[in-house]
Amino acid sequence: MSNDPLLLILAAGLLTFGLISQRIERIALTAPMLFLLLGVISGPVLLDWSAPAIESSALKIIAELTLALILFTDASQVQRSHLVKFENLPIRLLGIGLPLTMLAGAAVAFVLYPGYWQVAIMIGVILAPTDAALAQSVFSASAIKEKLRHSITVESGLNDGLALPFLLLIIAIASAGDLSTVDPWYWGNFLFQQIALGALTGIAVGYFGGYLLEQAGRHDWMDPVFQRLSSVALALVTYTGAEHAGGNGFIAVFMAGLFLHAGRTMVVTRLKEFGEAEGQLLTLVMFFLFGLIYVPDALPQITLETVIYALLSLTLIRIIPVVLALTGTGLDIKEKLFLGWFGPRGIASILYLLMVIEQLGFAEQLPGYQLLFPTVVTTVVLSIFVHGMSVPLWVRWLKR
């Protein structure tokens, strides 16, 4: 048996945080912050308690599983009536704000890292999706309008899947080494397939799977424990089914969560229970491993340009496209800035970085990798802390 105390550190950290969780969150310290710090402290940078030999492919699987389950759970808590009532805001954020954010991110990266256009585009795409898991405290703040919270949830749920095809395209270009070998018709069809098949699979599995689970629960065919497990299994069936069908799994799981019928209270209740317990655990484990493994690797590579990009990514690169996208919606400037600010980078960005590592390798196969890796890691780390600590300030400002 391994002597690596990884499990002991994780369990002790979870127990300690649990004992003081309500008190510590009042001072704007979130669980992702503390578990990221715990990973950094436990690793080779400081105490060197643990240095697990976890392959990037294994960490990628954990990130995929975590993101899929979070998206499914979050979407199941969205009231479908709000999709009609507030649809204008998420559509603008996804249709205008997301592409502009990717373009702005790539342009700034190219200015700071001239000569590495492929890496610049990758950075722009990897850091465009937002993470609803890091904005959970926003959803419980009554001072924040329902339409703003709804917009954050829907945008965060769908932008992961919408950005992924563009990342796969630039990975394919980097692998081929020649832009002329890339077939635009193929990639146009691929993008359409990803979105259409992902959405259709999600709607079908969510609607009919939710119906089956609800009926089995009402007729007392299911043990309560398996009601909870089956609700989670529905998310995994949706994700893997969409991927095998050629669709986007992340779009599929979010659409499946949305199309769990509002009357199916058992399924939605079980998913909420999962999100508040096992889903949170997976998220914290992901951030702990990120701090343990990837932050120490990135630290020696961080430069002034890396920090400048990370700060711009969390501010102007995100906020300006969002404000432009929301022009004419009737929101005041304070609300537009709020939606622009709450674009935290988290598990999706980590997952996309792992995909680049797995498919392209390190510096030998991707010129400029030494720039991409620390830029993404630095931006995610800053986002976890800055966005987490800013929630009380925004709540007070929006109350005025």
### Task
Would you give the length of the straight line joining atom OH of Y207 to atom CE of M255, rounded to the nearest 0.5 angstrom?
14.0 Å

### Task
Would you please name every residue forming a salt bridge (Lys or Arg N to Asp or Glu O under 4.0 Å) with K336, sequence neighbours left out?
none

### Task
Working to the nearest 0.5 Å, report the span between CD1 of I9 and CG of L14.
13.5 Å

### Message
Please find the pair of heavy atoms, one from L69 and one from A235, that lie closest to each other, and give the distance.
### Response
CD2-CB, 3.7 Å

### Query
So do R318 and L312 actually touch side chain to side chain, heavy atoms under 4.5 Å?
no

### Summary
Across all chains, not counting sequence neighbours, the side-chain contact (heavy atoms from CB on, under 4.5 Å) partners of S383 are L314, P344, R345, H387

### Task
For the pair T327 (side chain) and L324 (backbone), establish whether a donor and an acceptor sit closer than 3.5 Å, ignoring hydrogens and angles.
yes

### Query
Which pairs pass side-chain hydrogen bond (donor to acceptor under 3.5 Å, both in side chains) with one or both residues in residues 90-106, sequence neighbours excluded?
N88-R92

### Summary
Those residues at least two apart in sequence (or on a different chain) that pass side-chain contact (heavy atoms from CB on, under 4.5 Å) with T303 are E305, T306

### Task
Can you tell me which residue pairs pass the salt bridge (Lys or Arg N to Asp or Glu O under 4.0 Å) test with a partner in residues 367-395, sequence neighbours excluded?
none

### Residues in side-chain contact (heavy atoms from CB on, under 4.5 Å) contact with A163, at least two apart in sequence or another chain
M102, V125, P129, Y352

### Query
Which residue pairs satisfy the salt bridge (Lys or Arg N to Asp or Glu O under 4.0 Å) criterion with at least one member in residues 185-205, sequence neighbours excluded?
none

### Message
Could you walk me through whether W341 and V322 satisfy the side-chain contact (heavy atoms from CB on, under 4.5 Å) test, starting with their C-alpha distance in whole Å, then the side-chain angles of each, then the deciding distance to 0.1 Å, before giving a yes or no?
### Response
CA-CA 9 Å; W341 174 253; V322 167; over 6 Å; no

#### Entry: Set of residues satisfying side chain to side chain donor-acceptor pair (under 3.5 Å) with respect to E243, sequence neighbours excluded
none

### Query
Do M355 and L164 have side chains that get closer than 4.5 Å, going by heavy atoms?
yes

### Query
How are the rings of F35 and F288 set to each other: parallel, tilted or perpendicular (split at 30° and 60°)?
perpendicular

### Message
Salt bridge or not between E155 and R149? Use side-chain N to carboxylate O under 4.0 Å.
### Response
no

### Short side-chain to backbone donor-acceptor contact, Q301 and A298, under 3.5 Å
no

### Task
Enumerate the residue pairs fulfilling side-chain hydrogen bond (donor to acceptor under 3.5 Å, both in side chains) with a member in residues 245-260, sequence neighbours excluded, ordered by first and then second residue.
Q194-N248

### I152 side, atom CD1; T130 side, atom OG1 - distance, nearest 0.5 Å
8.5 Å

### Query
Between I302 and L299, is a side-chain contact (heavy atoms from CB on, under 4.5 Å) present by the stated rule, with each step listed?
CA-CA 5 Å; I302 294 175; L299 280 175; 4.0 Å; yes

### Sequence-distant partners of L337, side-chain contact (heavy atoms from CB on, under 4.5 Å), two or more places apart
I319, V323, I333, W394, W397

### Task
Under the side-chain contact (heavy atoms from CB on, under 4.5 Å) rule, what do L127 and V376 come out as? Steps first, then yes or no, please.
CA-CA 7 Å; L127 293 173; V376 173; 4.2 Å; yes

### Query
Which atom pair, heavy atoms only, marks the closest approach of T201 to G241?
CG2-C, 4.3 Å

### Task
Please identify each residue that fulfils ring-ring contact (aromatic ring centres under 6.0 Å, His included) with F250, with sequence neighbours left out.
Y239

### Task
Over all heavy atoms of both residues, which pair between V154 and P90 is shortest? Give the atoms and the distance, please.
CG1-CB, 3.7 Å

#### Entry: Ring centroid separation F342 to F338 under 6.0 Å
yes

#### Entry: F192: partners by ring-ring contact (aromatic ring centres under 6.0 Å, His included), with sequence neighbours left out
none

### Query
T375 and Y113: side chain to side chain donor-acceptor pair (under 3.5 Å), yes or no, with the steps?
CA-CA 11 Å; T375 301; Y113 309 136; 2.7 Å; yes

